[in-house]
Amino acid sequence: MTNESAVHDPLLGVWATLGEPRLTTELARSGVGWVALDLQHGHFDDRSVRDALGRRAADTAPMLVRVAANDAALIGRALDAGADGVVVPLVNGVADAEAAVAASHYPPRGARSWGPLPGSRAVHGPGSDDAPHAVPLCAVMIETMAALEAVEAIAAVPGVDMIFVGPFDLSLALGLDVDELLSSPEDDAPLRRIARTCRQAGIRAGAYAGSSGRAALLAAAGFDWIAAATDTGLLALGVQALRTQARTGRPDQSDQDAFSSGNASS
């Protein structure tokens with residue numbers, strides 16, 4: 001077994017599910033590394049995504065949108081609204097990855113139609129990059145057995161910037177408990193294989209954690225972008241920290257979470 005955790009300082013993000021644009025805007029300027037707006041399994045809809053993206057300042061954290069499906073219209077709509085990138089679910093092979101890339105980019109690299117939404121902050125135009133981050137970022141999700149078996153080929157698709165793991169769906173597909181999937185230390189374990197494949201391909205390895213404990217396991221496996229908490233989870237952590245501080249007069253270090261240091265493995 002190799003020790004991969006020592007070289008990783010992952011970028012920690014928040015997975016926004018409530019569909020509340022004002023809260024999402026505050027998350028993006030709170031000091032987190034990135035924010036994902038969930039259109040697939042969250043309360044976001046087209047309007048709330050546009051409102052959240054339209055409210056942010058230029059110097060806030062990157063905001064990605066997890067679209068509901070690998071669909072060119074949905075991907076284009078999220079990017080037209082001003083998303084810095086998309087997270088595309090259920091990418092099972094090379095053809096799916098190529099379709100996601102094509103939908104994310106204008107010709108000649110892709111097939112995206114030009115048409116930013118009025119009032120949105122354009123972050124990407126044909127032949128230009130107007131944002132402080134490389135955009136648009138195209139992340140494709142590995143959630144199935146078929147996708148895991150094809151992960152090396154998917155990572156090699158030009159224009160794929162990140163492999164993003166949905167560990168709950170992947171654990172279901174593999175017949176494993178999610179914590180068993182996350183904690184497996186073997187070099188050939190699924191998550192370590194995915195992270196290693198991304199490093200070899202020169203792209204990012206991302207994953208959803210939802211808690212600081214799972215984020216630490218993903219960091220140890222070599223992941224670079226980790227959704228360490230949800231918006232609802234952060235509310236609960238804040239209430240817990242408030243109670244601790246009110247009782248003791250000082251914050252409980254256990255509640256400071258990974259965001260205080262920027263390292264999920266600390």
Side-chain angles (χ1 to χ4, degrees), residues 1-13 15 33-34 36 62 64 66 70 85-101 104 133-134 137-228 258 261-266:
M1 186 183 79
T2 58
N3 182 8
E4 297 175 330
S5 61
V7 297
H8 278 279
D9 185 17
L11 189 66
L12 300 182
W15 201 261
W34 56 282
L64 311 182
R66 201 253 293 265
N70 189 358
V86 288
V87 181
V88 182
L90 293 172
V91 170
N92 289 320
V94 168
D96 290 340
E98 290 175 340
V101 170
S104 299
H133 313 283
L137 186 150
C138 180
V140 299
M141 294 194 72
I142 299 293
E143 306 174 89
T144 66
M145 177 70 80
L148 180 61
E149 291 176 348
V151 66
E152 288 82 8
I154 292 171
V157 171
V160 168
D161 301 301
M162 181 193 300
I163 297 290
F164 197 91
V165 174
F168 289 89
D169 281 331
L170 184 58
S171 66
L172 288 172
L174 298 178
L176 299 172
D177 177 81
V178 66
D179 290 321
E180 181 183 359
L181 174 68
L182 288 167
S183 62
S184 181
E186 292 80 12
D187 281 343
D188 60 349
L191 295 185
R192 291 180 182 269
R193 173 187 172 189
I194 292 168
R196 182 170 59 251
T197 295
C198 290
R199 286 197 304 275
Q200 292 171 346
I203 63 175
R204 302 173 181 89
Y208 173 87
S211 71
S212 58
R214 289 182 176 134
L217 293 173
L218 287 163
F223 283 80
D224 307 304
W225 282 42
I226 301 173
S261 65
N263 192 324
S265 59
S266 61

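For reference, positions follow the sequence shown, starting with 1. Just the heavy atoms: all of them, side chains too, but no hydrogens, waters or symmetry mates, feed the values below.
Side-chain contact between Asp161 and Ile203 is absent, with no heavy atoms from C-beta onward closer than 4.5 Å. Pro10 has its side chain out of reach of Leu218: every pair of non-hydrogen atoms, C-beta onward, lies at least 4.5 Å apart. By the 4.5 Å heavy-atom criterion applied to side chains, Leu64 and Val86 are not counted as neighbours. The shortest distance between side-chain heavy atoms of Leu11 and Arg204 does not fall below 4.5 Å. Residues Leu170 and Ile194 meet the side-chain proximity criterion, which asks for heavy atoms closer than 4.5 Å. With contacts defined as side-chain heavy-atom distances shorter than 4.5 Å, the pair Tyr208/Trp225 does not qualify. Within the 4.5 Å cutoff, no side-chain heavy atoms of Asp224 are placed close to those of Met162. The shortest side-chain heavy-atom distance between Leu182 and Pro167 falls under the 4.5 Å cut-off.
Panel note: side chain Thr197, backbone Arg193; a donor-acceptor pair is recorded below 3.5 Å. Asn70 places a side-chain N or O within donor-acceptor distance of the main-chain N or O of Asp96, the cut-off being under 3.5 Å. No donor-acceptor pair closer than 3.5 Å links the side chain of Ser184 to the backbone N or O of Leu181.
Note: Asp187 CG to Arg192 CZ = 7.0 Å, rounded to the nearest 0.5 Å. Of the inter-residue distances, the one linking Ile154 atom CD1 with Glu98 atom CD reads 10.5 Å to the nearest 0.5 angstrom. Interatomic distance, CG of Asn92 versus CD of Glu149, reported as 10.5 Å (0.5 Å rounding).
Taking each heavy atom of Asp169 and Glu143 in turn, the nearest pair found is OD2-OE1, 3.1 Å. Taking both residues in full, the closest heavy atoms of Ala215 and Ile226 are given as O-CD1, 3.6 Å, listed atom of the first, atom of the second, then distance. When all heavy atoms of Pro190 and Leu148 are compared, the pair lying nearest together is CB-CD2, 4.0 Å. Gly222 approaches Ala205 most closely through the heavy-atom pair O-CB, 4.4 Å. Heavy atoms only, all atoms of each residue included: Ala201 and Ala155 are closest at CB-O, 3.8 Å. Taking both residues in full, the closest heavy atoms of Met145 and Leu174 are given as CE-CD2, 3.4 Å, listed atom of the first, atom of the second, then distance.
Relative ring orientation between Trp34 and Trp15 is described as perpendicular, the plane-to-plane angle rising above 60° on a 0-90° scale split at 30° and 60°.
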Inset, instruction - Starting from the C-alpha separation in whole Å, work towards a yes-or-no answer on side chain to side chain contact (heavy atoms under 4.5 Å, CB included) for Ile163 and Val140. - result: CA-CA 5 Å; Ile163 297 290; Val140 299; 3.7 Å; yes
